[in-house]
Every structure is written in structure tokens, then in C-alpha cells.
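Start at 1 and go down the list; that is how both ligands and their atoms are numbered. The figures that follow rest on heavy atoms only: side chains count, while hydrogens, waters and symmetry mates do not.
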Amino acid sequence: MHKRLLFIVSVLLPVLLTGSQNKAALKDAFRNSFLIGAAINQNQFSEQDQRGVAIIATQFNSVTPENVLKWQSVHPQPDKYDFEGSDRYVAFGEKYHMFIIGHTLVWHNQTPSWVFQDDKGNQISRDSLLTRLRDHIQTVVGRYKGRIKGWDVVNEALSEDGTLRQTPWMKIIGEEYLTKAFQFAHEADPQAELYYNDYSLENEPKRKGAIELIKKLQAQGIPVAAVGLQGHDKLDWPTVQQQDATIADFAKIGIKVNITELDVDVLPSATQNRGADITLNVALQAQLNPYASGLPDSVQQQLATRYSALFKVFQKHRDVIDRVTFWGVTDRDSWLNNWPVRGRTSYPLLFDRNGQQKPAFDAVLSVATQN
Ligand code: GLA
């Protein structure tokens with residue numbers, strides 16, 4: 001009863017009284033469902049991008065660092081950690097009372113090659129790599145103990161067929177690198193939530209692999225709090241049914257589900273590959289960049305309808321979803337302007353290049369007020 005009253009006063013009343021000029025904020029509209037997060041960049045957490053900061057402070061209650069906590073940024077050389085960016089990021093999160101996410105401890109991209117090599121360039125031994133992994137995780141997680149509330153411990157360990165991806169981590173350490181990474185993170189901050197994060201888990205073979213992997217970790221007593229579904233979506237993928245089944249399948253194994261990198265790409269597919277492998281790079285051609293001078297209303301509307309459909313599924317599963325995080329704040333910030341083709345004009349988020357709310361914003365907001 002109390003919650004309901006709070007919802008009416010804080011969300012519905014402002015909308016009804018002030019009309020569209022002063023709409024509810026996303027984080028308030030979904031307060032009884034899940035956190036609403038954004039991945040933020042250097043210009044934002046250092047408060048250069050004031051328009052971005054205003055949107056972040058008003059609309060979101062969780063942040064993820066786009067790059068500064070990736071290995072190459074925070075630990076560029078064997079004996080050198082660089083916490084300048086990440087310290088600012090965490091301070092920014094605290095200043096604006098955000099649920100602060102760490103992204104990411106173990107990945108095969110944006111990780112320097114020295115990590116896997118000795119000073120002569122030869123591959124290091126299993127034990128040496130485990131030592132490096134432990135030092136890295138203890139140093140980084142330990143520094144922000146109690147402040148960063150959740151960590152993407154391992155990012156993208158699976159191939160599309162659901163088998164473990166043959167990364168240097170896998171080749172040198174073997175499957176145990178996953179267990180170890182979670183153990184080291186748990187030792188460094190026993191209170192932090194630990195996540196497994198990946199893309200295309202809506203596709204069945206990969207989803208099965210993830211479920212198997214998480215069950216194995218659970219059987220070893222590893223506290224996996226949630227799976228992160230990155231959510232780099234298209235207008236037609238994943239289907240509503242796939243999205244729904246994916247969340248339900250992970251909920252069945254007793255973990256939470258977070259949507260961690262949500263965006264909806266409206267541009268033509270540049271490759272057959274529909275994943276989110278960041279190493280792809282396709283040459284720019286005019287037909288791959290059809291909306292360079294603006295998004296037609298019809299596509300704007302398709303995007304809004306698509307976001308509404310996705311959020312209806314998220315709302316349905318709000319008991320198992322803790323957080324929905326967008327990968328960027330405005331369309332201008334999105335990685336999709338440069339991936340998998342450099343220099344395109346993309347429209348994947350809820351705020352346009354001028355920081356204005358798009359029809360997709362209203363569509364998402366209206367899902368919150370529907371039930
Ligand atoms: C992956 C990673 C993110 C980011 C995006 C695209 O999904 O998890 O850190 O690099 O690719 O930018």
C-alpha cells in the first residue's frame with residue numbers, strides 16, 4: 001500500500017499535473033521495478049559534458065564505465081596501474097548517488113598483450129598468468145571495495161555455439177580461469193555482486209552454454225549474483241519471445257538477470273555477423289549510412305515501438321531484473337557510430353544528438369505507467 005502511494009505521488013502525479021513538459025524521470029518511473037543505468041564516458045564523469053551530466057543525474061540511478069576500468073586503461077603496463085580515470089568515475093557515481101558498476105575484470109579485448117607474455121614476448125606459464133590475474137583483480141577490486149557495488153567479472157567467455165571461447169585466458173589457464181576470477185573478486189570484496197556478462201545469449205546455443213557455465217560455477221560455491229545480457233539489439237532481434245525465454249531460463253537457475261549494455265541499432269546490418277564482436281571493422285559505404293542527415297519519422301516510430309516491446313518484457317520479469325543499463329546516454333555518445341563501420345550516424349538510444357528525449361523515451365516511460 002505504502003509503495004503504491006509513493007508511486008502515485010512520485011511518478012503518476014507529476015506526469016498528470018505537468019503534462020509532457022515535465023515528464024517523470026526514467027529512474028523514478030521504474031523505481032519499483034529495477035535500476036536504470038547508463039554507461040558513461042570520460043567527458044561525462046569529469047563533468048566536461050554538462051548536458052550529458054544533467055541527463056545522467058536526472059534520469060539514471062546506476063552507472064557503468066564505458067572504458068576506464070578495462071584492463072588496458074587501468075593497468076596499462078606490468079608494474080603500472082592508472083587509477084586517474086577510474087577514481088574520477090567512482091567519485092562521480094558517489095556524488096550523484098548512483099549504484100556503481102565495475103566493468104570489466106577479465107576479457108580478451110582491450111587487454112594488453114603483455115598480460116600473456118614475458119619480457120621477451122614468450123607466452124607465460126599457467127601459474128604466472130594466474131598470479132597476474134589475482135594481482136590485477138585484488139588491486140582493482142580492492143581499491144574500490146564497498147564503493148563499486150557490482151562487477152562484471154568475466155566478459156564474453158563464450159562462442160556463438162555455446163562452447164568456451166579460445167581466448168588467451170582459456171588457452172593458458174584452461175577453464176579454471178573463470179572460477180579463479182570469481183574467487184579472487186569475491187576475496188577482494190565479499191560484499192560486491194559478481195556478474196557474468198555476454199552478448200547474444202538470446203540465441204539458444206549460446207544461452208545453453210552460459211547456463212551450463214553458471215551452473216558449474218554455482219556447483220563450486222561461486223557466488224554468481226546475476227547474468228548480464230548485454231542487449232546490443234536490432235529492430236528485429238531478439239524477438240520478444242527470445243527475450244522472454246532468455247530471462248525466464250536464467251531465472252530458473254536462481255540468478256538475477258541484468259540488461260547491461262542496451263541499445264537498438266536501426267542501421268542496416270553491415271555484416272552477416274549479428275553479434276557484438278568489437279574487433280569487426282567494415283568500410284563505410286553510403287548505403288550503410290542511410291540516415292546521415294536525420295532519422296525519418298517512420299524509423300523513429302519503429303524504434304519507439306521496439307523499445308516499448310522490450311521494456312514490456314523487462315517489466316514482466318521485474319522480480320528477477322535488478323537493472324537495465326543503456327550503453328551510452330545520447331545517440332552522439334554511442335559506440336554504434338563507429339562499429340562495425342566507422343563514421344556512421346546511429347540512433348540507438350533514448351536521447352538524440354542534442355540531448356532531447358526521443359519518441360522512444362516516451363514509449364519506455366509509458367510502459368512504467370501501464371501497470
Ligand atoms: C562490449 C563490451 C563493452 C563495450 C561494447 C561496445 O559489449 O562489453 O565494454 O566495449 O562492447 O563498446
Using a 4.0 Å heavy-atom cut-off, say whether W327 meets ligand 1 through its side chain, its backbone, both or neither.
side chain

With a 6.0 Å cut-off on the ring centroids, do H75 and Y81 count as close?
yes

Nearest non-hydrogen protein atom to atom 9 (O) of ligand 1, with distance, is H103 NE2, 2.5 Å

Donor-acceptor contacts under 3.5 Å from residues 284-302 side chains, at least two apart:
unit_1	atom_1	unit_2	atom_2	d
Q285	OE1	Q287	NE2	3.2
N289	OD1	T345	N	2.9

Can you give each donor-acceptor pair under 3.5 Å made by side-chain atoms of residues 215-225, sequence neighbours left out, with the distance rounded to 0.1 Å?
unit_1	atom_1	unit_2	atom_2	d
K216	NZ	E175	OE2	2.7
Q218	NE2	I253	O	3.0
Q220	NE2	K216	O	3.1

Measuring from non-hydrogen atoms of W339 to any atom of ligand 1, is the shortest distance under 4.0 Å?
no

Tell me which part of N67 gets within contact of ligand 1: side chain, backbone, both or neither, using heavy atoms under 4.0 Å.
neither

Report yes if W107 has an N/O atom closer than 3.5 Å to an N/O atom of ligand 1; otherwise report no.
no

Parallel, tilted or perpendicular, judged at 30° and 60°: which one describes the rings of F92 and Y96?
tilted

Can you tell me which residue and heavy atom of the protein come closest to atom 11 (O) of ligand 1, and the distance to 0.1 Å?
I278 CG2, 3.3 Å

Can you see whether F30 has R323 sitting over its ring - NZ or CZ less than 6.0 Å from the centre and within 45° of the normal?
no

Distance-only N or O hit between ligand 1 and H232, under 3.5 Å
yes

among protein heavy atoms, the one nearest atom 5 (C) of ligand 1 is E261 OE1, 3.7 Å

Can you tell me how the ring of W71 sits relative to the ring of H136, calling it parallel under 30°, perpendicular over 60° and tilted otherwise?
parallel

